Amino acid sequence: MKKTLLLSLIAFCLFSCYQKQATEQTLTPVRPITDANATRETVALYNRLDALLNIGIMLGHQDALTYGMAGGGWHNELGRSDVKESTGKYPALFGYEIGHLEVGAEYSLDSVYFKDIKRCVREAWKMGGINIISWHGNNPATYYLPDEEKNYASAGTSWDTKGDAVQSILPGGENHERFLGWLDILADYFLDFKDDSGTLIPIIFRPYHEHTGSWFWWGEKLCTPEEYIQLWRMTVEYFRDVRNVHNLLYAYSSSWMKDEAHYLERYPGDEYVDMIGYDSYANYEGQKYNPETDYQTIEDYKYNMRNFLDIITGYAAKTGKIPAITETGMEGFEYEHYFTDALYDVIKDYKVSFFHFWRNSPYKARHYYAGYPGALHEEDFIAFVNMPGILMLDDIKDIK
Ligand code: BMA
């Protein structure tokens, strides 16, 4: 009897001790997020993003740490960043692209080894930065077709709109199991983003983007709103509930949108989305605006950006979602005041988490969106980075 009492006492003490620890480990998000079991760091990231909204707007750069244009082009030299070399400051937000991971490749469609992306994610996190990942995954319906059937330019890629890909991967579809296998590979990868102490690093994940356009296999003309929503929810549920991936915040990002109803037509629901954004680019004068392709002159760009920002910040005000400009820029920035005029003139009026410049590719002609030493109109970029409200790494690293 005494022994049983003693054992119960020990059990009780252990339980209270565990409970205490569990309480200390948990952190409450300022608003419910997609994953109720998100890691402490993921919740902290969400709360931090929310707090940062009141301070300014973060500058993000895709593949900031992996390659760039500085000095005639560089690749995989840890610590380098075009933005840093031009302005003396690192971006606050660091982007990566993981297309081709799903088919077992060692490097991405943009020729970055996945092991190096991991290294950069760790480095950015250690410096106090925030990481965001996009996924131009291959077309699950056409990727495995025999070579003779893949005799067209975009065959098998994200840009291949053939094969009813979305329908084929939803439950009951012929590629469903195979697609879950792709998600497994991504889940394993996300679960391997760890800091030096082995703690999972939280990531903003932005899948199936620009879905109001029809250039990717998940685009507007390629699936119904219900199918898109099902695809999104299936992905979140697979990561979160089946694979126990708890270090993700989910970002929904359209391209051009007509109005709020259009923006929300394929919205998977507040319980499945943490950040709301859109992608929008400025193009060269002469390329008239066309919603099909998203080509926009500077004037179109300013006009549309205001409209899009009104829509997403309006929805954010109603729901508490965190709004962001998930991709923007002007390829080659020929317009000499792109940064200080076209972009700043618009964003200064909005409370938005970040704007994310696309990549500075040393391998693709004129394919760069952020300043680098010696870039055309670099002075406009440097002036912009130093304007009120623009947050760089040093401005955010100590804000928890
Ligand atoms: C596009 C271009 C492509 C790239 C893709 C994924 O907009 O930059 O060259 O492969 O994004 O990063």
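Whatever order the structure lists ligands and atoms in, that order sets their numbers, starting from 1. Note that the coordinates shown come from a computational prediction; the quantities given were computed from them, not determined experimentally.
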Practice item. Check the surroundings of atom OH in Y303: do more than 12 heavy atoms from other residues, nucleotides or ligands lie under 6.0 Å from it? Key: no
Study note, to complete from the structure: At under 4.0 Å between heavy atoms, what of H367 touches ligand 1? The answer is side chain
Check your understanding: Are R243 and Y238 in a cation-pi contact, defined as NZ or CZ under 6.0 Å from the six-membered ring centre and within 45° of the axis?
Key -> no
Point to revise | side-chain contact (heavy atoms from CB on, under 4.5 Å) assessment of E102 paired with I185 | key: CA-CA 6 Å; E102 71 284 352; I185 295 177; 5.5 Å; no
Practice item. Enumerate the atoms of ligand 1 whose separation from the nearest heavy atom of L109 is less than 4.0 angstrom. Key: 10 (O)
Review point. Should we say atom NZ of K126 is surrounded by more than 12 heavy atoms from elsewhere, each under 6.0 Å from it?
Key: no
Point to revise | Protein heavy-atom partner closest to atom 7 (O) of ligand 1 - residue, atom, separation in Å | key: W358 NE1, 3.4 Å
Review point. What is the ring orientation for W218 with H209, classed by angle as parallel under 30°, tilted 30 to 60°, or perpendicular over 60°?
Key: tilted
Review point. Which residue holds the protein heavy atom closest to atom 10 (O) of ligand 1, what is that atom called, and what is the gap in Å?
Key: D110 OD1, 2.5 Å
Point to revise | Residue, atom name and distance, where the atom is the protein heavy atom closest to atom 3 (C) of ligand 1 | key: K364 NZ, 3.5 Å
